[in-house]
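Both counts, for ligands and for their atoms, begin at 1 and track the order of listing.
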Amino acid sequence: MTPATAPAARIADLRRRLDDANHRYYVLDDPDIPDAEYDRLLRELQELEAAHPEFADPSSPTARVGSVPAGKFAEVRHAVPMLSLANAFADEEVAEFVARIGRETGDAEPAFSLEPKLDGLAISLRYEDGVFVRGATRGDGATGEDVTANLRTVRTVPLRLRGKPPAVLEVRGEVYMPKAAFERWNEVARARGEKPMANPRNGAAGSLRQLDPRITAQRPLAFYAYALGEVVLGQGAGATLPPTHSQTLAWLRELGFPVSAEVDVARGVDGLLAYYRRIGDRRNALPFDIDGVVYKLDRYDQQRAMGFVSRAPRWAIAHKFPAQEEATVVESIEVNVGRTGAVTPWVLMQPVQVGGVTVTRATLHNADQVARLDVRNGDTVIVRRAGDVIPEVVRVIEDRRPLDRKGQPLHAPYQLPMECPVCGSAIEREEGEVVARCSGGLFCPAQRVQALFHFASRRAMDIEGLGERFITALVEFDYVHTVADLYRLTVDDFVEMKRRADEQAGVVPETVKAGKIATKWAENLVAGIDASRNTTLDRVLYALGIRDVGESTAKTLARHFGSLDPIMAADEEALRQVPDIGPVVAARIAHFFAEPHNRDVIAALRAPYDGKAGVHWPEGAPRRASEGPLSGQTVVLTGGLAAMSRDEAGARLEALGAKVSGSVSKKTSFVVAGEAAGSKLAKAQELGVEVWDEARLLAYLAGHEGA
Ligand code: IVH
């Protein structure tokens with residue numbers, strides 16, 4: 001059967017296969033077809049549906065991309081009201097709840113269904129004959145808003161049920177934003193200078209209340225089912241519903257609904273509390289935010305016997321965890337200078353318990369975020385601490401801002417300092433960049449540890465034995481300010497430094513107790529430093545830690561200029577002439593060498609000291625890229641290589657005279673295609689351009705490099 005002869009059948013077949021694939025991917029977490037194939041089937045279905053509007057169906061998997069906006073949300077009256085839960089905070093409240101049920105049901109140890117309490121948004125999904133027809137928010141419990149079009153875009157909301165669904169089935173559950181997706185979303189938003197979401201719950205609520213479903217479709221939302229609403233059995237699911245809640249959850253899973261893998265059944269207070277502790281211990285590791293667990297009496301006949309009070313069932317209770325958001329007062333706003341010079345504003349606050357620990361500091365991320373939040377001294381703020389994530393300020397409670405006698409805010413809006421609080425260098429923010437940075441570079445102590453660590457690393461100066469522990473101590477006890485100071489260190493310096501570090505840590509090494517001083521390790525370190533004095537230009541260039549100058553750019557520079565002085569003298573324009581160096585990197589390099597601190601450090605590195613040579617390397621003449629066995633040839637690299645980065649491969653081919661280009665044309669001499677090469681490989685094949693695999697590249701390099 002071809003699509004051309006039977007579009008209706010092909011459409012039905014594609015829908016079934018895509019529904020299946022969705023279910024396996026999102027609900028069972030066990031995908032069985034590759035993403036590329038899924039995309040292909042989806043595209044085919046989209047094309048067929050566009051060509052045959054007579055077969056349109058809102059339950060089609062293509063509906064996930066979102067329909068056009070409707071204007072506003074209609075009201076939906078819930079056939080069965082959506083209730084809330086009573087809360088318990090202390091173990092005793094749970095014990096009372098269990099005892100009350102025992103007394104009133106006459107069952108000494110009734111079973112409970114145990115579930116995580118997801119922190120999202122309660123919604124109700126209505127299915128008629130297995131097809132999703134309407135979705136609504138909880139609203140006031142009696143009436144909610146019709147958000148059907150938005151819910152269709154949520155990948156874990158089934159649009160069509162599996163198995164034998166009843167005639168009418170309303171399923172209640174929570175729409176939420178997984179933590180990882182939330183963090184990723186905010187990272188991107190902050191990097192773009194856009195407004196981040198306050199927390200996953202707000203993210204989910206805001207996304208679901210978008211009037212344009214196409215926007216909702218782009219938000220990473222998920223759904224999980226935990227209860228039933230109206231059910232009309234018809235002839236579908238057999239004559240009756242399962243007799244317990246836990247069996248209902250299992251049945252919902254069979255119908256295609258996602259149900260948390262954390263659900264369980266237990267009896268007795270101890271069983272309930274053990275579950276609470278178990279889930280609590282794993283709270284940070286779970287992929288979604290939870291604010292507690294829910295205990296539900298499992299048997300429906302027992303639930304009916306317990307009944308309801310006001311708007312909550314008497315057969316269920318939510319046992320809450322410590323809150324992850326709390327209010328406290330800002331004592332001061334500070335900035336921190338990171339190892340790469342990035343300036344991060346943060347607040348010092350009155351101590352507050354959040355998520356079970358006391359916090360006094362919270363990040364403000366960057367200057368844009370400070371401006372957006374308008375955090376000022378003395379403000380009352382909401383801080384959020386979720387798991388291992390650094391506590392952050394979520395918003396300001398403006399009503400509680402301290403005012404002067406005239407009713408004006410006591411403090412002006414906060415401004416980031418103009419100078420680095422650590423080294424006094426100017427703080428700069430490049431156009432289009434969200435992050436402000438200290439321009440002090442190697443001169444700034446805050447950046448020194450990282451700069452030294454990079455400098456000493458294997459692919460840079462390769463100083464044997466000089467790890468982060470020693471470097472941190474060297475900076476902390478003020479033995480080194482710049483990388484050049486490393487070459488002035490003596491065995492005595494190291495021994496003294498170690499003695500001070502031990503003293504500070506309150507330890508007395510065995511050798512010292514025995515009245516001896518170990519020096520072998522220090523001699524080895526000094527020898528390692530000495531050995532690194534004799535090096536190569538590209539290593540030095542890489543070791544200096546110029547932003548965006550990685551190993552391959554360092555090699556390109558070294559090859560192009562041959563020696564250091566012309567590089568230091570080159571202006572942006574001259575640097576831009578170097579193959580593969582773009583305007584941004586050219587500007588960074590010129591900026592780095594224009595900085596007097598950096599020039600001083602380089603001079604000190606090269607200077608001999610105490611009878612030892614300075615850092616030195618063989619200097620050569622500039623090499624024209626066009627000289628070599630690949631002169632005149634244009635090469636394109638595509639896909640991933642196993643043995644080296646694409647950059648490195650490009651630099652090595654250039655060293656042999658090739659010109660490396662980004663796009664394939666008839667003029668391309670050959671294309672190197674690595675793993676998962678895509679359109680460039682296809683283009684090469686189409687144009688009949690020669691294609692090399694990685695093995696051939698490696699063999700060629702081995703045969704020609706150093707020749
Ligand atoms: S059952 C009749 N189960 O908590 C009982 N609710 O405070 C109805 N929630 O509005 C709710 N996880 O948004 C239930 N496993 C779970 C839940 C859960 C989260 C939310 C839901 C509800 C609120 C009640």
Side-chain angles (χ1 to χ4, degrees), residues 78-89 93-94 97 101 112-125 135-145 147 151 154 156-157 170-179 199-205 208-209 221-231 241 244-250 252-253 257-266 272 275-276 278-280 283 286-300 302-321 323-324:
H78 299 299
V80 174
M82 291 181 75
L83 303 173
S84 60
L85 293 169
N87 289 329
F89 296 93
E93 295 170 89
V94 176
F97 164 77
I101 288 175
F112 288 90
S113 171
L114 316 175
E115 305 163 13
K117 185 173 187 297
L118 265 82
D119 200 7
L121 202 70
I123 55 148
S124 183
L125 305 172
T137 60
R138 176 167 179 269
D140 63 5
T143 309
E145 284 179 318
V147 285
L151 286 168
V154 177
T156 44
V157 167
E170 271 182 23
V171 170
R172 269 91 197 254
E174 203 84 349
V175 165
Y176 64 96
M177 188 173 282
K179 283 196 281 202
N199 53 45
R201 207 194 108 77
N202 279 19
L208 208 56
R209 297 204 71 262
L221 298 179
F223 170 76
Y224 117 109
Y226 53 66
L228 295 178
E230 186 183 21
V231 182
L241 281 178
T244 66
H245 181 71
S246 54
Q247 284 167 286
T248 301
L249 292 179
L252 287 177
R253 220 182 243 142
F257 291 98
V259 173
S260 170
E262 312 298 329
V263 298
D264 205 348
V265 176
L272 272 49
Y275 179 76
Y276 177 82
R278 196 166 80 230
I279 297 290
R283 184 181 190 185
L286 292 175
F288 37 71
D289 260 1
I290 55 175
D291 56 350
V293 296
V294 186
Y295 311 128
K296 297 173 183 169
L297 190 55
D298 202 27
R299 270 169 52 185
Y300 286 136
Q302 294 183 331
Q303 286 189 4
R304 273 189 294 275
M306 292 301 295
F308 299 86
V309 275
S310 61
R311 299 175 50 216
R314 295 181 69 240
W315 44 262
I317 198 164
H319 191 182
K320 304 289 283 273
F321 290 134
Q324 289 184 317

Check whether any N or O atom of [X], backbone or side chain, sits under 3.5 Å from an N or O atom of ligand 1, and answer yes or no.
{"X": "K296", "answer": "yes"}
{"X": "L118", "answer": "yes"}
{"X": "E174", "answer": "yes"}

Please report the interatomic distance [atom1]([X]) to [atom2]([Y]), rounded to the nearest 0.5 Å.
{"X": "S113", "Y": "D298", "atom1": "OG", "atom2": "CG", "result": "5.5 Å"}
{"X": "R201", "Y": "M177", "atom1": "CZ", "atom2": "CE", "result": "12.5 Å"}
{"X": "F288", "Y": "L118", "atom1": "CZ", "atom2": "CG", "result": "5.0 Å"}

Q.
Parallel, tilted or perpendicular, judged at 30° and 60°: which one describes the rings of F321 and Y276?
A.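 Ring orientation of F321 relative to Y276: tilted.
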Q: Just jot down the ligand 1 atoms closer than 4.0 angstrom to any heavy atom of E115, in number order.
A: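 What qualifies from ligand 1 is 3 (N), 15 (N), 16 (C).
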(Q) With heavy-atom distances below 4.0 Å as the criterion, list the atoms of ligand 1 near P116. (A)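 It comes down to these atoms of ligand 1: 12 (N), 15 (N).
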Q: Carefully, step by step, assess F257 and V157 under the rule side-chain contact (heavy atoms from CB on, under 4.5 Å).
A: CA-CA 7 Å; F257 291 98; V157 167; over 6 Å; no
For [X], which part has a heavy atom under 4.0 Å from ligand 1: side chain, backbone, both, or neither?
{"X": "A318", "result": "neither"}
{"X": "L85", "result": "both"}
{"X": "Y224", "result": "side chain"}
{"X": "K117", "result": "both"}

Identify, for [atom], the protein heavy atom at the shortest distance, and state residue, atom and that distance.
{"atom": "atom 2 (C) of ligand 1", "answer": "P313 CG, 3.7 Å"}
{"atom": "atom 10 (O) of ligand 1", "answer": "A122 CB, 3.7 Å"}
{"atom": "atom 22 (C) of ligand 1", "answer": "Y226 OH, 3.8 Å"}
{"atom": "atom 8 (C) of ligand 1", "answer": "L83 O, 3.9 Å"}

Q | Minimal non-hydrogen separation, L208 against L151, with atom names | A |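 Heavy atoms of L208 and L151 come nearest at CD1-CD2, 3.8 Å.
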Q: Would you mind telling me which of K117, R283, E262, E174 makes a side-chain contact (heavy atoms from CB on, under 4.5 Å) with I290?
A: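 Passing option: R283.
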Q: Count the heavy atoms of every other residue, nucleotide or ligand shown that sit under 6.0 Å from CZ of R278, and state whether that count exceeds 12.
A: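 Counting other residues, nucleotides and ligands, CZ of R278 exceeds 12 neighbours.
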**Q.** Test log, rule side-chain hydrogen bond (donor to acceptor under 3.5 Å, both in side chains), inputs T244 and R299
**A.** CA-CA 4 Å; T244 66; R299 270 169 52 185; over 6 Å; no
